[in-house]
Amino acid sequence: MTTTTNNNAIDAARVELLLSELRLPSMRLRWATLAEQSDKEGWPAARFLATLIEHEVADRSCRRMERHLAEARLPAGKTLATFDFEAVPMVSKAQVMALASGDAWLEKGANILLFGPPGGGKSHLSAALGLALVENGWRVLFTRTTDLVQQLQVARRELALENAITKLDRYDLLILDDLAYVTKDQAETSVLFELIAARYERRSMLITANQPFGEWGKIFPDQAMTLAAIDRLVHHSTILEMNVESYRRREAIDRKRGRGKPPAFATRNKLEKAKTD
Ligand code: ADP
Ligand code: MG
């Protein structure tokens, strides 16, 4: 009896040691409880082993998702569930939900272009899409366009631009928020073009901008490069136009009027008309 107990204790110590050597923290944490249950209920060895490994796999995928969520740097609290699609009737909820799975477009490096005036929900919708994609196993980076351009400019000065762009390949999707806010001195270098050209047909981008193309001449060094950039971006792309009044402003106005949900711009005109008719 004493010998058995001793042997058990030695086995237990070996298991602990080996599992930590193999870096299997979840199995290390759970094996003892599970072994006890398995002994008590007379499980076949294969069932015990499979159940134990399943825990490691599940926890690992949980940890991976947490890592991907942290690296994505998504603005907090912007989800598809809290996005009011009725406020943007020109954007189809079904289409956005299909995009949120990522399968059809991220695999071939296609893009999304989101246009609309300030406050219309571009950042919210792109962050929400980003979050859904991370939850579906994709890797995403959300960044203000000027921040990323600045980083790439620094890399370029250090002769490490190519390396920096290659590092971004790890992300299935780059969300560049507010393209229009790229400053003049940033536009004089071609780092943004280099990024777009490098990702073309390989890795996806989601770009938000106030203006569809009209003002893009200010973002690239010259007209030829502007056209080349637009050409690559739109070649495989979904364009969503969110031509609505500022959501915040509408919310404020609607609160004042004691109404519930803010209607879309077009609907509002109809409502106003109905009132004055
Ligand atoms: P944009 O990036 O187009 O300037 P934002 O996404 O920053 O606009 O939206 C401004 C604010 O209004 C944010 O707090 C956002 O969460 C909210 N908002 C905008 N559109 C919607 C919407 N359709 N449903 C819910 N919240 C919205
Ligand atoms: Mg925004």
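Predicted model, so just to flag it, every value in this text is computed and none were measured. Just follow the structure's listing: the first ligand is 1, and inside any ligand the first atom is 1. When reading the values below, keep in mind they use all heavy atoms of this one structure, side chains included, and skip hydrogens, waters and symmetry mates.
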* Asked: Among the clusters formed by ILVMFWY side chains lying less than 4.5 Å apart, do L141 and V154 turn up in the same one?
  ->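 Different hydrophobic clusters.
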* Asked: In the single-linkage hydrophobic clustering (I, L, V, M, F, W, Y; side-chain heavy atoms under 4.5 Å), do I219 and I165 co-cluster?
  ->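 Same cluster: I219 reaches I165 through Ile, Leu, Val, Met, Phe, Trp or Tyr contacts under 4.5 Å.
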* Would you tell me which option among F115, Y247, F83, F85 has the nearest heavy-atom contact to atom 26 (N) of ligand 1? =>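 Residue with the shortest heavy-atom distance to the ligand atom: Y247.
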* Asked: atom 9 (O) of ligand 1: which of G116, P75, G121 has the nearest heavy atom?
  ->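 Of the listed residues, G121 has the closest heavy atom.
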I'd like to check which ligand 1 atoms, numbered from 1 as shown, lie under 4.0 Å from a non-hydrogen atom of [X].
{"X": "P117", "answer": "3 (O)"}
{"X": "P118", "answer": "4 (O)"}
{"X": "S123", "answer": "1 (P), 2 (O), 6 (O), 7 (O)"}
{"X": "T82", "answer": "24 (N), 25 (C)"}
{"X": "K78", "answer": "13 (C), 14 (O), 15 (C), 16 (O)"}

* Salt bridge or not for E56 and R63, using N-O below 4.0 Å? ->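 Result for this pair is yes, salt bridge flagged.
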* Would D59 and R30 pass as an ion pair if we require N to O under 4.0 Å? ->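 Yes, D59 and R30 are salt-bridged.
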* Sub-4.0 Å heavy-atom contact, G119 with ligand 1 -> yes
[X] side chain to [Y] backbone, donor-acceptor under 3.5 Å:
{"X": "K122", "Y": "P117", "answer": "yes"}
{"X": "Q186", "Y": "T146", "answer": "yes"}
{"X": "S92", "Y": "Q95", "answer": "yes"}

* Heteroatom proximity flag, G120 to ligand 1, N/O under 3.5 Å ->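 Yes, since at least one N or O of G120 sits under 3.5 Å from an N or O of ligand 1.
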When you measure from [atom] to every protein heavy atom, which one gives the shortest distance, and what is it?
{"atom": "atom 6 (O) of ligand 1", "value": "H124 N, 2.8 Å"}
{"atom": "atom 23 (N) of ligand 1", "value": "D84 O, 3.0 Å"}
{"atom": "atom 11 (C) of ligand 1", "value": "R248 NH1, 3.6 Å"}

* Heavy atoms of other groups near R202 CZ, more than 12 under 6.0 Å -> yes
* Does E16 have any side-chain contact (heavy atoms from CB on, under 4.5 Å) partners at least two apart in sequence or in another chain, and if so, which? -> R28, W31
* Asked: Which N, O or S atoms belonging to the protein are less than 2.8 Å from the Mg ion (ligand 2)?
  ->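 Correct list: S123 OG.
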* Partners meeting ring pair (Phe, Tyr, Trp, His ring centres under 6.0 Å) with H235 (sequence neighbours left out) ->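 So H235 forms a ring pair (Phe, Tyr, Trp, His ring centres under 6.0 Å) with Y200.
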* Listed partners of F85 passing ring pair (Phe, Tyr, Trp, His ring centres under 6.0 Å), at least two apart -> F83
* Assess the side chains of S101 and N136: does a donor N or O sit below 3.5 Å from an acceptor N or O? =>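 There is no such pair (donor and acceptor under 3.5 Å, judged by atom type) between the side chains of S101 and N136.
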